[in-house]
Amino acid sequence: MTIAYLPLPPDDAPPYEPWAGEPEVLAESAEAGRRAAAWIRSLPAPPAPRPVGTWLAGALPAAVEAATASLDPAQCDRMGPDGRLVEGTAGVDAGTMSTLAIVPCVLSDADWFTLDQHIRLMAVASIITGIARLLADDPGTAILHGLVARMCATLDHATRPDPPGLAT
């Protein structure tokens with residue numbers, strides 16, 4: 001059996017047209033990422049210097065900010081010139097996504113954090129990778145139907161200041 005792909009017009013693709021409200025959604029995502037990174041940086045340091053503590057205070061908040069600041073709905077799933085699906089990145093590079101993906105593994109070494117802080121850090125990584133995947137899969141729906149805005153609200157909720165008396 002032979003599969004023949006339909007040829008695509010070379011370089012005749014129409015220019016990307018932003019969705020209604022896209023600049024505002026991307027600005028809010030970047031701002032939510034800055035707030036989340038600030039919350040991560042405000043978390044307590046380990047009692048003694050440890051590599052995971054340095055990573056959590058530096059690389060993780062930097063990845064959170066980088067991911068939310070680089071979101072680009074134009075980099076969504078599409079057909080490549082050979083007719084095969086090209087998985088979009090929503091503007092987030094592979095290194096940043098890798099940093100976010102290892103958060104659950106790294107947290108096992110962060111025993112100075114409370115259980116609540118562990119869960120909230122995992123939520124931050126999950127929410128940000130979720131926003132990128134939403135924009136890569138279907139940017140129009142994600143923007144026009146408020147999915148990204150809801151995810152940003154969830155990110156803000158996950159990174160709210162610790163309630164008084166919560167030290168478990």
Side-chain angles (χ1 to χ4, degrees), residues 13-46 50-80 85-110 113-114 116-162:
Y16 176 76
E17 301 251 352
W19 298 92
E22 180 179 314
E24 295 81 9
V25 166
L26 295 178
E28 176 52 32
S29 296
E31 184 57 35
R34 283 189 289 279
R35 289 189 297 267
W39 174 78
I40 294 168
R41 288 184 183 105
S42 76
L43 292 172
R50 294 155 90 168
V52 70
T54 303
W55 184 87
L56 286 165
L60 180 58
V64 166
E65 284 181 309
T68 56
S70 65
L71 290 172
D72 182 2
Q75 293 185 21
C76 59
D77 296 346
R78 62 197 176 281
M79 296 302 279
L85 179 68
V86 175
E87 192 170 308
T89 64
V92 183
D93 67 82
T96 300
M97 290 301 279
S98 176
T99 298
L100 294 170
I102 63 169
V103 168
C105 301
V106 170
L107 286 178
S108 64
D109 289 336
F113 285 149
T114 66
D116 181 68
Q117 291 166 334
H118 275 243
I119 292 168
R120 291 165 64 184
L121 282 165
M122 285 193 286
V124 166
S126 178
I127 291 165
I128 293 172
T129 55
I131 290 171
R133 198 66 250 148
L134 280 170
L135 286 174
D137 288 345
D138 188 359
T141 300
I143 293 169
L144 296 175
H145 293 283
L147 303 179
V148 174
R150 273 187 263 156
M151 295 292 280
C152 288
T154 306
L155 182 62
D156 283 338
H157 184 74
T159 59
R160 72 199 182 285
D162 286 331

Note, [X] side chain near [Y] side chain (heavy atom, < 4.5 Å):
X      : Y      : result
Leu26  : Pro73  : yes
Leu147 : Ile131 : no
Glu28  : Asp156 : yes

For the atom pair [atom1] ([X]) and [atom2] ([Y]), what is the distance rounded to the nearest 0.5 Å?
X      : Y      : atom1 : atom2 : answer
Ser126 : Leu155 : OG    : CG    : 10.5 Å
Glu65  : Glu31  : CD    : CD    : 10.0 Å
Ile40  : Leu121 : CD1   : CG    : 5.5 Å
Met151 : Thr68  : CE    : OG1   : 12.5 Å
Leu43  : Thr159 : CG    : OG1   : 10.0 Å
Ile102 : Trp55  : CD1   : CH2   : 4.5 Å

So, for [X] and [Y], which heavy atoms are closest and what is the spacing to 0.1 Å?
X      : Y      : answer
Val92  : Ala132 : CG2-CB, 4.0 Å
Gln117 : Pro44  : NE2-CD, 3.7 Å
Ala63  : Thr96  : O-CG2, 3.4 Å
Ser108 : Cys105 : OG-O, 2.8 Å
Gly21  : Ile143 : C-CG2, 4.3 Å
Ala136 : Gly88  : CB-O, 3.6 Å

Report summary line: In Thr99, Leu60, Val52, the residue satisfying side chain to side chain contact (heavy atoms under 4.5 Å, CB included) with Val106 is Val52
Requested in this report: Just jot down the salt bridge (charged side-chain N to carboxylate O under 4.0 Å, His left out) partners of Glu24, sequence neighbours excluded, or say none.
Outcome: none
Query raised in the report: Can you list every salt bridge (charged side-chain N to carboxylate O under 4.0 Å, His left out) pair that touches residues 85-106, not counting sequence neighbours?
Result: Glu87-Arg133
Report task. Keeping the roles fixed (side chain from Ser42, backbone from Trp39), state whether a donor-acceptor pair exists under 3.5 Å. Result -> yes
Query raised in the report: Going by the side-chain hydrogen bond (donor to acceptor under 3.5 Å, both in side chains) test, which pairs reach into residues 138-148, not counting sequence neighbours?
Result: Asp138-Thr141
Report task. Would you please test Val25 and Trp19 for side chain to side chain contact (heavy atoms under 4.5 Å, CB included) and show each step? Result -> CA-CA 10 Å; Val25 166; Trp19 298 92; over 6 Å; no
